[in-house]
2 protein chains.
Amino acid sequence: MGRIRTFTEVEVARTARQVFWDRGYEDTALPDLERATGLNRSSIYHSFGSKRGLFDAAVENYLDEVIRPRLAPLRGDTVESAALETYLLGLHAAMTEGHTALAANGCLLLNATGSPLGRDASLQTVVAAYCDDLRTAITAGVAARRADLDEAEQKSLAVTCTGLVFAAMAIVRVNAAAAGDLIEAALAQVRR
Amino acid sequence: MGRIRTFTEVEVARTARQVFWDRGYEDTALPDLERATGLNRSSIYHSFGSKRGLFDAAVENYLDEVIRPRLAPLRGDTVESAALETYLLGLHAAMTEGHTALAANGCLLLNATGSPLGRDASLQTVVAAYCDDLRTAITAGVAARRADLDEAEQKSLAVTCTGLVFAAMAIVRVNAAAAGDLIEAALAQVRR
DNA sequence: CGTATTGTGAACTGACCATTTCACTATAGA
DNA sequence: TCTATAGTGAAATGGTCAGTTCACAATACG
């Protein structure tokens with residue numbers, strides 16, 4: 001009974017994610033989203049309720065398909081000793097070699113923090129949770145790689161490493177080379 | 001001959017700086033600026049040409065009156081050995097103790113990076129220069145404090161320390177405690 | 001006083017935006 | 001064919017915004 005859906009919300013959220021990532025929330029207008037998703041305004045509003053609703057779906061998708069896959073190797077019960085280095089090398093490559101979305105646009109969430117949307121409490125909560133996830137994952141990676149350190153030293157190293165990753169993401173759009181240096185510094189600390 | 005000026009552009013830029021810092025460029029409307037400066041639109045446009053012109057003046061003022069005074073002790077010919085720690089402790093205090101503009105709003109420039117304005121090339125240049133100044137100053141501070149290290153080690157430490165400061169500024173609005181941890185990590189590295 | 005400059009007030013322009021609405025088309029199963 | 005659901009197209013609504021314009025008021029100097 002009735003016509004079948006010709007799109008899935010995940011696909012649309014993924015497409016919208018890229019647009020928001022490229023142009024930022026405020027600079028993305030409805031016509032941009034219509035064009036990119038191939039959907040009409042009416043359909044977008046029917047599925048997501050508002051531009052903000054679509055953005056929230058895009059953020060979910062960003063976490064699911066961009067952030068968490070990268071962090072996954074750091075989150076198992078038994079973390080490979082090389083996992084953290086692999087993660088950092090992956091970041092470094094993304095930032096310096098190719099024209100990846102990450103190098104060109106930085107982090108979708110961190111960027112939103114400085115934009116008008118960053119005054120929104122619910123978005124701040126999402127960013128804070130992301131920040132926490134990142135620190136937890138890196139802490140696990142540090143523990144696996146640097147079993148020679150005591151717990152306090154591991155924790156301190158994890159904070160440093162997390163901070164360097166954050167700084168790199170915050171600055172990469174403006175100065176990719178500097179971002180690469182930051183990741184290299186993190187690698188050096190992890191390896192020492 | 002003729003009426004005397006009743007305001008200086010520096011005063012106005014300083015006031016506007018605070019408004020832009022609190023609310024961000026995009027969320028600051030002309031009426032906000034009129035109210036804060038006590039000036040009429042017409043006067044603002046006569047002195048600064050555009051909203052963007054006033055913002056640029058506010059950024060100049062931010063660098064002159066907020067950033068550079070903090071970095072000054074790190075920039076002399078002979079840098080005090082304790083200068084870097086003093087700088088970091090000042091940042092830490094601003095971020096955790098009081099309700100300072102820095103803790104509440106983060107860094108005016110870094111915030112702008114993620115906003116629509118962050119796509120503007122000339123703003124990116126300003127941010128990149130600021131980033132460079134910061135690294136240079138911290139490098140001098142590291143050299144003064146850690147004469148025991150060789151040059152390569154000093155450089156690596158300086159990059160790490162700069163990154164941690166950046167990360168703290170990028171995250172402080174969302175999570176001031178985490179920002180404080182980052183500065184503490186930087187202190188620990190400098191002192192070791 | 002005369003004149004040049006500084007500043008105000010208020011209305012207006014033109015653009016852009018998210019959101020709503022609705023008549024219409026398309027496609028599925030019964 | 002009937003009906004329910006999916007999706008389109010286009011116009012309208014109401015709001016906000018930066019920037020412009022201009023007649024007018026205030027204040028300085030000669």
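Throughout, protein chains are lettered first and strands after them, A, B, ... in sequence-line order, and every chain is numbered starting at 1.
A:Asp181 and B:Arg135 are not joined by a salt bridge, as no carboxylate oxygen comes within less than 4.0 angstrom of a charged side-chain nitrogen. Comment: B:Glu80 does not engage B:Arg145 in a salt bridge, judged by the lack of any side-chain N to carboxylate O separation of less than 4.0 angstrom. Salt-bridge annotation for A:Arg23 and A:Asp32: present, with a side-chain N of the basic residue lying under 4.0 Å from a carboxylate O of the acidic one. B:Glu65 and B:Arg17 are joined by a salt bridge, as a carboxylate oxygen and a charged side-chain nitrogen come within less than 4.0 angstrom of each other.
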Any protein N or O atoms within reach of nucleotides 7-13 of chain D? Criterion: under 3.5 Å, listing atom names and distances.
residue, atom, partner, partner atom, Å
D:dG7, OP1, A:Thr6, N, 2.5
D:dG7, OP1, A:Thr6, OG1, 2.9
D:dT8, OP2, A:Asn40, N, 3.2
D:dT8, OP2, A:Ser43, OG, 2.5
D:dG9, N7, A:Asn40, OD1, 3.3
D:dG9, N7, A:Asn40, ND2, 3.2
D:dG9, O6, A:Ser42, OG, 2.7

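Once you apply a 4.0 Å limit to the heavy atoms of chain B, the touched nucleotides of DNA chain C run 5' to 3' over C:dA4 to C:dA10.
Rounded to an integer number of Å, the gap from B:Tyr45 OH to D:dG19 C1' is 5 Å. For B:Leu33 and D:dA18, the CG to P distance is 8 Å, given to the nearest whole Å. Nucleotide D:dT21 holds its C1' atom 16 Å from the CD1 atom of B:Ile44, rounded to whole Å. In this entry the distance linking CG of B:Asp32 with C1' of D:dT16 reads 12 Å, nearest Å.
For the residue pair B:Ser81 / B:Arg146, no side-chain donor-acceptor distance below 3.5 Å is found, with atom types taken as modelled. For B:Arg52 and B:Ser122, the side-chain atoms include at least one donor-acceptor pair closer than 3.5 Å.
Ring pair A:Trp21/A:Tyr62 is perpendicular by interplanar angle, where above 60° counts as perpendicular and below 30° as parallel.
B:Asn105 pairs in a side-chain hydrogen bond (donor to acceptor under 3.5 Å, both in side chains) with only one of the listed residues (B:Asn111, B:Asp22, B:Thr100), which is B:Asp22.
Atom CD of A:Glu97 is surrounded by 12 or fewer heavy atoms from other residues, nucleotides or ligands within 6.0 Å.
For the pair B:Lys51 and B:Tyr25, the cation-pi test (distance below 6.0 Å, angle within 45°) is passed.
Each end of the helix from C:dC1-D:dG30 to C:dA30-D:dT1 gets its own axis from five base pairs, and the two axes differ in direction by 0°, given to 10 degrees.
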